[in-house]
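The block underneath contains the structure these notes are about, expressed in structure tokens.
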Amino acid sequence: MVTGGGGFGVGAGVCEVLSRSGATVIINEVNKEDAVKAAKNYQNAIAVAADIRNADEVQAMFKEIHNIVGQVHGLVNNAGVGLSKLAHEATGDDFDRLYDTDVKGLWQVSKAFVNQLLEAKQSGNIVNISSVHVNSTISKYALYAGAKSAVEGLTKGMSVELGPHNIRVNAVGPGYVHSDQNYALIGTWAEDPKQWVEDLKTDQQVLFFDIDPVDCGNVVAFLLSDLSRAVTGQTIYVDNGSINLLYNRSFTEKK
């Protein structure tokens, strides 16, 4: 099951790889129409709708899923919202919208997923989508970095709690994964969003190419598979090495 598995970004890359690997992909969106539209892009995809901020809707969604396919053994907590605003200027509504989705929503879906596994006495896997902002961030992203830090805390803590039940919990932390929809957000901190994306690729990364959503999907698929059976409580960063650079290349390298 992939929450927020819509038609672009990391969620789409995850759905593409899992579908290509032969999995039955259950795509969750807030609106059923969006989920149905996304599901048409993949084989063996099922669309379900629920606002993950609402506990009753989450419970109803899992009952619906059980009636359709039975037990769910893999969960990808991809759904999330962003916020580009100085922490001291953000409102309570800004904070609640961010944390209700990125933290509380993730917890509520994970809780329902785990309980259906425990009831059936079966094993499973959770992969949470985190971010490089946990390790290093930029201005206007303090609250977002805090939310994703909470995601990694839940990843570690739940891995300890669920290990005895053979339920693994890991995370993937994407770097900048490009899509044209990002230009508006980038415009909140850069005068030329397109140039910012190009400079990021050549000046701020160890590897000089754009990260594709499928790159993230490949790592998610690994963590959901038996190839990673001894891995739990970990975060793998898919960031072209960006968090390893102490300084950007133009600051340290001779022309």
Side-chain angles (χ1 to χ4, degrees), residues 1-52 57-81 101 105-106 108-110 112-117 119-120 122-130 166-175 177-182 209-229 231 236 238:
M1 176 181 172
V2 182
T3 66
F8 68 93
V10 172
V14 170
C15 290
E16 180 178 339
V17 173
L18 296 182
S19 177
R20 203 166 58 205
S21 301
T24 298
V25 182
I26 302 166
I27 299 175
N28 154 260
E29 288 286 351
V30 175
N31 299 312
K32 187 65 173 282
E33 295 80 7
D34 293 337
V36 170
K37 183 178 178 180
K40 290 179 180 179
N41 296 321
Y42 316 104
Q43 292 184 342
N44 301 321
I46 297 168
V48 294
D51 185 340
I52 65 171
E57 290 191 27
V58 170
Q59 291 296 329
M61 176 178 65
F62 272 91
K63 288 181 181 178
E64 178 186 358
I65 292 170
H66 191 271
N67 289 336
I68 298 172
V69 298
Q71 209 68 40
V72 183
H73 297 93
L75 169 64
V76 183
N77 280 308
N78 173 72
V81 296
T101 302
L106 178 148
Q108 290 189 146
V109 176
S110 298
F113 171 78
V114 167
N115 283 330
Q116 53 103 40
L117 285 177
E119 184 177 349
Q122 295 189 16
S123 61
N125 287 284
I126 298 174
V127 178
N128 298 319
I129 301 302
S130 180
N166 200 27
I167 299 172
R168 296 188 292 111
V169 188
N170 289 289
V172 170
V177 181
H178 181 66
S179 68
D180 288 345
Q181 289 88 345
N182 292 341
F209 55 83
D210 290 327
I211 301 169
D212 190 273
V214 168
D215 295 320
C216 299
N218 286 331
V219 179
V220 169
F222 164 71
L223 291 172
L224 289 172
S225 76
D226 288 340
L227 292 173
S228 61
R229 72 186 191 98
V231 179
I236 299 177
V238 184

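Heads up: numbering here begins at 1 and tracks the sequence. Keep in mind it's a predicted model, so treat the numbers as computed, not measured.
- Of the possible polar contacts, none joining the Asn78 side chain to the Val10 backbone as a donor-acceptor pair under 3.5 Å is found.
- Put simply, the side chain of Asn218 never gets that close to the backbone of Asp215: no donor and acceptor are under 3.5 Å apart.
- Taken to the nearest 0.5 Å, the CG atom of Leu75 stands 9.5 Å off from the CG atom of Leu117.
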Under the criterion side-chain contact (heavy atoms from CB on, under 4.5 Å), I'd like the reasoning laid out for Val238 against Val177: C-alpha separation, chi angles, the key distance, then a yes or no.
CA-CA 9 Å; Val238 184; Val177 181; over 6 Å; no
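- A pairwise comparison of heavy atoms in Ser110 and Asn77 identifies OG-ND2, 2.9 Å as the closest pair.
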Are Asn41 and Cys15 close enough, and set up right, to give a side-chain contact (heavy atoms from CB on, under 4.5 Å), and what steps lead you there?
CA-CA 9 Å; Asn41 296 321; Cys15 290; over 6 Å; no
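- The two atoms that bring Lys32 and Ala47 nearest to each other are CE-O, 3.3 Å, heavy atoms only.
- The CD atom of Glu29 sits 10.0 Å away from atom CD1 of Ile52, with the distance rounded to the nearest 0.5 Å.
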Step by step, would you call Ile27 with Tyr42 a side-chain contact (heavy atoms from CB on, under 4.5 Å)?
CA-CA 10 Å; Ile27 299 175; Tyr42 316 104; 3.8 Å; yes
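- Between the side chain of Ser19 and the backbone N or O of Gln43, at least one donor-acceptor pair lies under 3.5 Å.
- Under the side chain to side chain contact (heavy atoms under 4.5 Å, CB included) criterion, Ile65 pairs with Met1, Ile26, Val48, Met61, Val69, Val72, sequence neighbours left out.
- Shown here is Gln122, whose CD atom has more than 12 heavy atoms of other residues, nucleotides or ligands within 6.0 Å.
- Side chain of Asn31 to main chain of Glu33: no donor-acceptor pair is present (N/O by atom type, distance under 3.5 Å, no hydrogens or angles).
- From Asn128, atom CG reaches atom CG of Leu106 across 4.5 Å, with rounding to the nearest 0.5 Å.
- Shortest non-hydrogen contact noted between Gly80 and Thr101 is CA-CG2, 3.8 Å.
- By the 6.0 Å contact criterion, CZ on Arg20 is enclosed, its count of non-hydrogen atoms from other residues, nucleotides or ligands being greater than 12.
- Remark: side-chain polar atoms of Ser130 are not paired, donor with acceptor, to backbone N or O of Gly173 under 3.5 angstrom.
- Contact detail for Thr3 and Ala79: the closest heavy-atom pair is OG1-N, 2.9 Å.
- When all heavy atoms of Ala50 and Asn28 are compared, the closest pair comes out as O-ND2, 3.2 Å.
- Here the options are Gln71, His73, His66, Lys63, the test is side-chain hydrogen bond (donor to acceptor under 3.5 Å, both in side chains), and the partner is Gln116; only Gln71 passes.
- The 12-atom threshold is exceeded at CG of Asn67, counting heavy atoms of other residues, nucleotides or ligands nearer than 6.0 Å.
- Checking each of Leu224, Leu223, Val220, Ile236 against Asn170 for a side chain to side chain contact (heavy atoms under 4.5 Å, CB included) leaves exactly one that passes, namely Leu223.
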